[in-house]
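Side chains included, hydrogens not; waters and symmetry mates left out as well; all remaining heavy atoms used.
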There are 2 protein chains.
Amino acid sequence: MTAQINSIDLGVSTEDYLKAIYKLEAHGQPAQTTSIAEALQISAPSVSGMIKRLSDNGLVEHQPYKGVHLTDEGRRVALAMLRRHRILETYLMEKLKFSWDAVHAEAERLEHAASDLLIQRMALALGNPRFDPHGDPIPTESGEIETPLTVALTDVPAGKRVVLVVVGDQDPARLRFIESLGLKPGVTFDVVSHQPFRGPVEIWLVADRKNEVLGHELALSLQCSLIEEEA
Amino acid sequence: MTAQINSIDLGVSTEDYLKAIYKLEAHGQPAQTTSIAEALQISAPSVSGMIKRLSDNGLVEHQPYKGVHLTDEGRRVALAMLRRHRILETYLMEKLKFSWDAVHAEAERLEHAASDLLIQRMALALGNPRFDPHGDPIPTESGEIETPLTVALTDVPAGKRVVLVVVGDQDPARLRFIESLGLKPGVTFDVVSHQPFRGPVEIWLVADRKNEVLGHELALSLQCSLIEEEA
DNA sequence: ATTATGATTTAGTGTATCCTAAACTATATA
DNA sequence: TATATAGTTTAGGATACACTAAATCATAAT
Ligand SMILES: [Mn+2]
Ligand SMILES: [Mn+2]
Ligand SMILES: [Mn+2]
Ligand SMILES: [Mn+2]
């Protein structure tokens, strides 16, 4: 029996599974064994076993050979974890001068050890931020989350002007590269051209007044929102 | 196999055992199975099992039916954990307005999840403090620790003037009570009298200009240092 | 020297989480 | 419709860490 920290407290693995499942569902994809396994870097049989346990605990509904859906309780926990993670990331960057590529790994561990009180105090010290350093929305204490409408950069037609909204937070090297291009959430740029066959995307950085070329895979991971054309 | 955070990383239980063993040894007591069991609130057979594992991993030397001694490696880890714990406690109090009775429980969990970088950044933000909120010394990054010479209040003769140096950090209710008396590390008072048969201790708080009476058990947990009599 | 007592270890379990290898299911394709 | 393939689950095993009950050891008191 593990010591209860807060109202919820389900162990490191369980909490990470619920987050992963939430993210898959949020992306519209069904949360299948294999996708969860890939997201968490765990073997598929292990995921099958954990799904059994999650299901027994009423955190997911499982349709064998299909995938899982979060129950209300499961979603509640997932959103609480997302809040913890993102508050922690923001705090580490703002108050402790962590670089934006280092915060994810640190938050991935702290999220399971921090009490609700700690998260609440950090949020307060930050002025209750609504987005984390990578542009992801931070759920409120009551579990509300705003999901800005965005498009992957690969789906923005040439000629359009966009604001970068979200960059994935997983890969430190990728984040350092993105930063080196002058890109981060909030930056405005024009899409100049797309090369076919999953080729690179050319963009024009408005503030920096310079062109950059991004590989297809990188562009796929950048979520943007379109800006109305100016007159 | 657990993911490696830093150079060291031995799992929550292992780290807590090493801290407990260090504290027992530091108090001069041999680190016996039962004392460890009592400190960690774990059954003696469980401790026996863990001692086997610690010994196999070269963290302690075990003399069956006698007790354990930390190896150099074990001591290194224990001091690193003590540093983490105490930096965290201090940070929570100074920067996040935690009360001094709440920091211990929080640090007890965070100490296993925080990276060396995080601890270093917190220490820096605090100006590399040398003592935690309960008066315990904070080991340096290289593992040095200063141990002020102190006496339990129960051993201070009547008539002597002392400064309170260390109060234990475990029991929140006790800490709140101590605080309500106007006591905390750094406070100066005179020992007025001791009642025999483990009776109460009467003290005179110099700054507050008031008397207080402390139970024997409480007095036993207050570490003081004597002040030279003034001329 | 013997025995009572308390401390310690051993034996046997249980839970959570991971793994690989093998079996099974769903489905797309021929 | 039969089968190949990809995805999933089952079977069997490992590790870390906790527990209770029983056996063993050390030692202090008779
Ligand atoms: Mn995590
Ligand atoms: Mn993030
Ligand atoms: Mn701890
Ligand atoms: Mn302390």
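For B/S13, no side-chain nitrogen or oxygen approaches OP1 or OP2 of D/dA16 to under 4.0 Å. A sub-4.0 Å separation between OP1 or OP2 of D/dA16 and a side-chain N or O of B/R53 is absent. Close to C/dT8, at under 4.0 Å from its OP1 or OP2, lies no side-chain N or O of B/H62. When the side-chain nitrogen and oxygen atoms of A/Q32 are compared with OP1 and OP2 of D/dG7, none of them lie within a distance under 4.0 Å. Side-chain N/O atoms of A/K66 include none lying less than 4.0 angstrom from OP1 or OP2 on D/dT9. Under 4.0 angstrom from either OP1 or OP2 of D/dT9 there lies at least one side-chain N or O belonging to A/S48. Look at B/T34 and you won't find any side-chain N or O under 4.0 angstrom from OP1 or OP2 of C/dA7.
Nucleotide D/dC19 holds its C1' atom 14 Å from the CE atom of B/M50, rounded to whole Å. If you measure from atom CG of A/L54 to atom P of C/dC18, you get 10 Å, rounded to the nearest angstrom. As a whole-Å value, the separation of A/D16 CG from C/dA16 P is 17 Å. Look at CD on A/E15: it is 14 Å from C1' on C/dT17, rounded to the nearest Å. Rounded to whole angstrom, the span from the CD atom of A/Q41 across to the P atom of C/dC19 amounts to 10 Å. The distance from atom OH of B/Y17 to atom P of D/dA16 is 14 Å, rounded to the nearest whole Å. The CD1 atom of B/I36 sits 16 Å away from the C1' atom of D/dA18 (whole-angstrom rounding). Here the C1' atom of nucleotide C/dA11 and the NZ atom of B/K52 are 15 Å apart, to the nearest Å.
Residues A/A44 and B/T33 each lie close to DNA chain C; by heavy-atom proximity, the contact nearer the 5' end of the strand is made by B/T33.
Separation of atoms NE2 (A/H62) and CG (A/D56) is listed at 11.5 Å; rounding is to 0.5 Å.
With a 4.5 Å cut-off on side-chain heavy atoms, A/D155 and A/C224 do not count as touching.
Residue A/I42 has its side chain nearest to C/dC19 when only D/dC17, C/dC19, C/dT9 are considered. Comparing C/dT9, D/dA11, C/dT17 against the side chain of B/Y65 picks out C/dT9 as the nearest.
A cation-pi contact, defined as under 6.0 Å to the ring centre and within 45° of the axis, is absent between B/R75 and B/Y22. Taking the centre and axis of the six-membered ring of A/F131, the NZ or CZ atom of A/R86 falls outside the cone set by 45° and 6.0 Å.
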Test log, rule ring pair (Phe, Tyr, Trp, His ring centres under 6.0 Å), inputs B/H85 and B/H104: CA-CA 8 Å; B/H85 184 98; B/H104 176 75; 4.8 Å; yes
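Here the closest heavy-atom approach between residue A/W100 and residue A/H134 is recorded as O-NE2, 3.1 Å.
Within 4.0 Å (heavy atoms only), A/S43 reaches at least one base atom of the nucleic acid.
For the helix from C/dA1-D/dT30 to C/dA30-D/dT1, the end axes, each set by the C1' atoms of five terminal pairs, are bent relative to each other by 20° (nearest 10°).
Judged purely by distance below 3.5 Å, without hydrogens or angles, the side chains of B/T34 and B/Q32 never pair a donor atom with an acceptor atom.
The existence of a salt bridge linking A/R174 and A/D101 is excluded, since no basic side-chain nitrogen approaches an acidic carboxylate oxygen closer than 4.0 Å.
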